[in-house]
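The structure under discussion appears below in the form of structure tokens.
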Amino acid sequence: MDHHALIQTFEQVDEQITDLERILNERLSLNLLGTVEQTMQLIKQLIIAYIVDVGEKAVPNPDDDLLDVFKALIKGDPSWNTIRDNCRELVYYRNCITMDRCDALPQHPEKMAVRTLRHVYLFMKTRCMREARLEMA
């Protein structure tokens, strides 16, 4: 089976994560809401690309909330619950920001959001490699 679209998505997301990490290392900060929104969007891209590649589940709308996209992923496969708390963490960050409760966030939440994204990316990449969907280094 051709996994080109999945491979391409993982490569593009990795490049964007690397850019966020580089900017954080240079500037030590990023726009908080924009960063949280971007990390959630990139995780949704990974999840949707995986669901499309597997081809057994209904593909969620990219405009859906991250947790709704995540629910589509775990349907019938609870092993994906490993990344559930990571998705919830990012939604919590966004909710704190939109409710004007940044005092409830951890120190350097934009860094934490990017680290959470990297964690989810690496978990999903490793799983896809074990499933022979990705043959990347």
Side-chain angles (χ1 to χ4, degrees):
M1 184 174 176
D2 180 21
H3 303 289
H4 181 72
L6 182 67
I7 292 167
Q8 191 172 22
T9 299
F10 269 82
E11 288 173 349
Q12 290 170 348
V13 169
D14 184 42
E15 287 173 14
Q16 290 184 59
I17 298 170
T18 300
D19 285 346
L20 288 170
E21 291 167 336
R22 180 185 48 74
I23 292 167
L24 277 171
N25 286 332
E26 290 173 1
R27 285 197 234 152
L28 304 177
S29 69
L30 284 164
N31 173 277
L32 181 55
L33 181 58
T35 301
V36 170
E37 292 285 353
Q38 184 177 2
T39 59
M40 291 175 26
Q41 191 64 37
L42 292 173
I43 290 173
K44 287 194 295 183
Q45 285 178 26
L46 291 173
I47 291 172
I48 291 169
Y50 178 83
I51 290 171
V52 168
D53 196 72
V54 171
E56 299 170 3
K57 301 177 185 186
V59 178
N61 185 324
D63 295 330
D64 288 351
D65 186 73
L66 174 58
L67 295 179
D68 291 329
V69 173
F70 174 75
K71 284 178 193 172
L73 176 66
I74 65 164
K75 194 173 204 163
D77 189 354
S79 65
W80 282 107
N81 273 319
T82 305
I83 60 171
R84 179 186 64 204
D85 287 343
N86 301 112
C87 295
R88 285 180 174 172
E89 179 182 1
L90 294 172
V91 170
Y92 171 78
Y93 288 6
R94 183 195 59 207
N95 291 345
C96 285
I97 297 163
T98 58
M99 293 176 8
D100 211 16
R101 286 296 316 270
C102 289
D103 60 305
L105 292 170
Q107 275 193 323
H108 311 292
E110 68 279 9
K111 289 182 182 179
M112 294 301 294
V114 173
R115 284 190 189 128
T116 299
L117 169 60
R118 177 60 80 187
H119 171 80
V120 170
Y121 169 85
L122 291 172
F123 178 84
M124 291 187 72
K125 179 178 176 182
T126 301
R127 174 139 175 189
C128 288
M129 290 173 77
R130 273 188 275 140
E131 294 175 359
R133 296 181 188 286
L134 297 177
E135 297 167 6
M136 300 163 40

- Message: With heavy-atom distances below 4.5 Å as the criterion, would you say the side chains of Y93 and M40 are in contact?
- Response: no

- Message: Classify the ring geometry of W80 against F123: parallel below 30°, tilted from 30° to 60°, perpendicular beyond 60°.
- Response: perpendicular

- Message: Side chains of R94 and D65, heavy atoms from C-beta outward: is any pair under 4.5 Å?
- Response: yes

- Item | Interatomic spacing from CG in D68 to SG in C87 - rounded to 0.5 Å | 11.5 Å

- Do T82 and R127 meet the criterion of a side-chain donor-acceptor pair at a distance under 3.5 Å? no

- Query: Do the side chains of E37 and Q41 get nearer than 4.5 Å, heavy atoms only?
  - Reply: no

- Message: Can you give me the closest heavy-atom contact between I48 and P62, atom names plus distance?
- Response: CD1-CA, 3.7 Å

- Message: Working note: T9 + D53, criterion side chain to side chain contact (heavy atoms under 4.5 Å, CB included); need CA distance, chi angles, decisive distance, verdict.
- Response: CA-CA 11 Å; T9 299; D53 196 72; over 6 Å; no

- Query: Can E110 and V36 be said to form a side chain to side chain contact (heavy atoms under 4.5 Å, CB included), step by step?
  - Reply: CA-CA 7 Å; E110 68 279 9; V36 170; over 6 Å; no

- Task: For the pair L105 and L32, evaluate side chain to side chain contact (heavy atoms under 4.5 Å, CB included) and give the outcome as yes or no after the intermediate values.
- Result: CA-CA 11 Å; L105 292 170; L32 181 55; 3.7 Å; yes

- Message: Is there a side-chain contact between I83 and F70 in this structure, where contact means two heavy atoms from C-beta onward sitting under 4.5 Å apart?
- Response: yes

- Item | Shortest non-hydrogen contact from A72 toward K57 | O-CD, 3.3 Å

- Item | Spatial distance of atom CG (L122) from atom CG (L117) [nearest 0.5 Å] | 9.5 Å

- Query: Does the side chain of R84 reach to within under 4.5 Å of the side chain of I74, using non-hydrogen atoms?
  - Reply: no

- Item | Verdict with reasoning, D103 to R101, per salt bridge (charged side-chain N to carboxylate O under 4.0 Å, His left out) | CA-CA 5 Å; D103 60 305; R101 286 296 316 270; 2.9 Å; yes

- Interatomic distance, I17 atom CD1 to L46 atom CG [nearest 0.5 angstrom]: 6.5 Å

- Task: Please report the shortest heavy-atom distance between P60 and I51, naming the atom on each side.
- Result: CD-CD1, 3.8 Å

- Take D85 and R88 through the test side chain to side chain contact (heavy atoms under 4.5 Å, CB included) and record every step on the way to the result. CA-CA 5 Å; D85 287 343; R88 285 180 174 172; 3.8 Å; yes

- Message: I need the minimum non-hydrogen distance between Q16 and L42, along with the two atoms involved.
- Response: OE1-CD2, 3.5 Å

- Query: Has the side chain of K44 got a donor or acceptor atom that lies under 3.5 Å from a matching backbone atom of L66?
  - Reply: no

- The reported gap from CG in N86 to CE in M112 (rounded to nearest 0.5 angstrom) is 10.0 Å

- Return yes when atom CG of D100 has more than 12 non-hydrogen atoms of other residues, nucleotides or ligands closer than 6.0 Å, and no otherwise. no

- Query: Who pairs with D64 by side-chain hydrogen bond (donor to acceptor under 3.5 Å, both in side chains), at least two apart in sequence or on another chain?
  - Reply: none

- Minimum side-chain heavy-atom gap K111-T35 below 4.5 Å: no

- Note on the structure: Applying salt bridge (Lys or Arg N to Asp or Glu O under 4.0 Å) to E15 and not counting sequence neighbours gives none

- Closest approach of N31 to L33 (non-hydrogen atoms, all atoms of both residues): OD1-N, 3.4 Å

- Message: Working to the nearest 0.5 angstrom, can you tell me the gap between R22 CZ and R27 CZ?
- Response: 8.5 Å

- Note on the structure: In terms of heavy-atom contacts, C128 and Y50 come closest through SG-CD1, 3.5 Å

- Note on the structure: CD of E56 to NZ of K75, rounded to nearest 0.5 Å, is 13.5 Å

- Message: Among residues at least two apart in sequence or on other chains, which ones pass salt bridge (Lys or Arg N to Asp or Glu O under 4.0 Å) with R118?
- Response: D14, E21

